[in-house]
Amino acid sequence: MALSINFSTNTKQIQKKFNRFLRRFPHITKKGLDQAGEQLRRIIEEKTKRGEKYTSGRFVAYSPEYSALKGKTVVDLKDSNRMLQSMKSRTVSNYKAQVYFNDMGMAKRAYWHQTGSGNLPERPFFGFNKKVENVIKRQFENLVSKELRRLKLWV
């Protein structure tokens, strides 16, 4: 009596998919970080336009004189809108995205609003809390899983 055993494996297919994953994954990560940085920039801008601190609550109100002069009651840190327009995002490394001001004068103005200087009250707008972090993290995870499904590496 003879016993014969035949093995058939799909190691070549698995190896091919794994290599494709390794080649494509840095691009997926960069795409996710670009998206996360831009999303954080938009969130900061929207909350600022609504007059909200990044932590929670409203900004300190304008003085009655300034409010009457400008005809505004909502503190949106938008006099000429150049400060918020100079806010940009970029991917710094494979693990980090950055939101920054590309104009040094506007960066100083943002710092003055953030920390308060002279007669200017503190109005912290440039930052994020745990809620925003979780929203961005979920969006990043969704993008990565969608890209992996598209590459047929994830079911």
Side-chain angles (χ1 to χ4, degrees), residues 16-155:
K16 185 178 174 182
K17 284 186 177 187
F18 187 70
N19 287 339
R20 189 168 23 156
F21 173 75
L22 290 178
R23 276 195 317 269
R24 285 294 192 79
F25 193 70
H27 301 296
I28 294 170
T29 306
K30 181 171 180 353
K31 186 177 178 181
L33 285 172
D34 287 342
Q35 181 180 338
E38 185 59 27
Q39 186 177 16
L40 178 59
R41 186 198 62 78
R42 275 192 322 249
I43 289 171
I44 291 171
E45 192 174 312
E46 288 169 8
K47 286 184 90 119
T48 303
K49 285 180 181 178
R50 289 193 309 258
E52 299 175 5
K53 298 178 186 177
Y54 75 88
T55 51
S56 64
R58 311 285 293 165
F59 288 138
V60 176
Y62 289 134
S63 68
E65 297 84 21
Y66 185 83
S67 184
L69 177 71
K70 293 294 181 175
K72 304 196 301 189
T73 56
V74 175
V75 179
D76 58 3
L77 305 182
K78 193 168 78 170
D79 188 26
S80 66
N81 202 27
R82 287 184 21 225
M83 182 182 75
L84 293 178
Q85 287 177 347
S86 72
M87 191 168 40
K88 306 290 181 203
S89 69
R90 67 179 170 203
T91 302
V92 179
S93 69
N94 291 338
Y95 306 101
K96 187 194 293 187
Q98 182 180 53
V99 177
Y100 65 102
F101 291 92
N102 65 354
D103 181 354
M104 192 57 134
M106 296 301 120
K108 285 181 183 177
R109 188 179 295 175
Y111 177 76
W112 295 333
H113 282 294
Q114 184 80 11
T115 60
S117 90
N119 294 337
L120 197 62
E122 183 178 322
R123 294 184 175 115
F125 72 99
F126 194 75
F128 60 95
N129 56 17
K130 201 68 166 166
K131 182 180 174 186
V132 171
E133 180 183 349
N134 288 334
V135 166
I136 292 173
K137 184 172 75 171
R138 245 180 287 129
Q139 194 73 18
F140 182 82
E141 290 169 353
N142 289 342
L143 176 88
V144 169
S145 65
K146 184 176 93 176
E147 290 293 321
L148 292 178
R149 280 194 307 272
R150 189 175 65 81
L151 293 171
K152 297 182 178 157
L153 296 171
W154 189 277
V155 179

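Residue numbers start at 1 and run along the sequence shown.
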*Asks:* Below 4.0 angstrom, N of the basic side chain to O of the carboxylate: do E141 and R138 qualify?
*Replies:* no
*Asks:* Using 0.5 Å steps for rounding, measure from the CG atom of N102 to the CD atom of Q85.
*Replies:* 10.5 Å
*Asks:* Considering non-hydrogen atoms only, spot the tightest contact between K49 and V74 and give its length.
*Replies:* O-CG1, 4.3 Å
*Asks:* Test of understanding: with ring pair (Phe, Tyr, Trp, His ring centres under 6.0 Å), list the residues that count as partners of F126, not counting sequence neighbours.
*Replies:* F101
*Asks:* To the nearest 0.5 Å, how far apart are OG1 in T29 and CG in D34?
*Replies:* 11.0 Å
*Asks:* Can E133 and K130 be counted as an ion pair, charged N to O under 4.0 angstrom?
*Replies:* yes
*Asks:* Check whether any side-chain heavy atom of L40 sits under 4.5 Å from a side-chain heavy atom of I136, and report yes or no.
*Replies:* yes
*Asks:* Output all residues satisfying side-chain contact (heavy atoms from CB on, under 4.5 Å) with K146, sequence neighbours left out; order by chain, then residue number.
*Replies:* R149
*Asks:* What residues form a ring pair (Phe, Tyr, Trp, His ring centres under 6.0 Å) with F140, not counting sequence neighbours?
*Replies:* none
*Asks:* Does any N or O in the side chain of R41 come within less than 3.5 Å of the main-chain N or O of Y100, such that one atom is a donor and the other an acceptor?
*Replies:* no
*Asks:* Mind listing the closest non-hydrogen atom pair of K72 and K78 along with its distance?
*Replies:* NZ-O, 2.8 Å
*Asks:* Does the side chain of S86 reach to within under 4.5 Å of the side chain of R109, using non-hydrogen atoms?
*Replies:* no
*Asks:* T73: what forms a side-chain contact (heavy atoms from CB on, under 4.5 Å) with it, not counting sequence neighbours?
*Replies:* S67
*Asks:* Tell me every residue that passes ring pair (Phe, Tyr, Trp, His ring centres under 6.0 Å) with Y66, counting only those two or more places apart in sequence or in another chain.
*Replies:* Y62
*Asks:* Check the pair R58 / E52 against side-chain contact (heavy atoms from CB on, under 4.5 Å), numbers first and verdict last.
*Replies:* CA-CA 4 Å; R58 311 285 293 165; E52 299 175 5; 3.7 Å; yes
*Asks:* Could you tell me which non-hydrogen atom of K47 sits nearest to which non-hydrogen atom of K53, and how far apart they are?
*Replies:* CE-O, 3.5 Å
*Asks:* What's the spacing between T91 OG1 and Q35 CD if we round to 0.5 Å?
*Replies:* 11.0 Å
*Asks:* Rounded to the nearest 0.5 Å, what separates atom CE in M87 from atom CZ in R42?
*Replies:* 11.5 Å
*Asks:* Please enumerate all residues that pass side-chain hydrogen bond (donor to acceptor under 3.5 Å, both in side chains) together with K108, with sequence neighbours excluded.
*Replies:* none
*Asks:* Write down the atom of V135, the atom of Q39, and the distance for their closest heavy-atom approach.
*Replies:* CG1-NE2, 3.8 Å
*Asks:* Looking only at non-hydrogen atoms, find the nearest pair between E38 and S89 and report the distance.
*Replies:* OE1-OG, 3.2 Å
*Asks:* Specify the closest pair of heavy atoms between T48 and F59, including all atoms of both residues, with the distance to one decimal.
*Replies:* O-CE1, 4.0 Å
*Asks:* Using the rule given for side-chain contact (heavy atoms from CB on, under 4.5 Å), can you reason through E122 versus V60, listing the C-alpha separation, both sets of side-chain angles and the distance that settles it, and then say yes or no?
*Replies:* CA-CA 8 Å; E122 183 178 322; V60 176; over 6 Å; no
*Asks:* Would you confirm whether D103, through its side chain, and M83, through its main-chain N or O, come within 3.5 Å as a donor-acceptor pair?
*Replies:* no
*Asks:* Rounded to the nearest 0.5 Å, what separation is found between the CG atom of L33 and the CD atom of Q98?
*Replies:* 12.0 Å
*Asks:* From R82 CZ over to L84 CG, what is the distance, rounded to the nearest 0.5 angstrom?
*Replies:* 12.0 Å
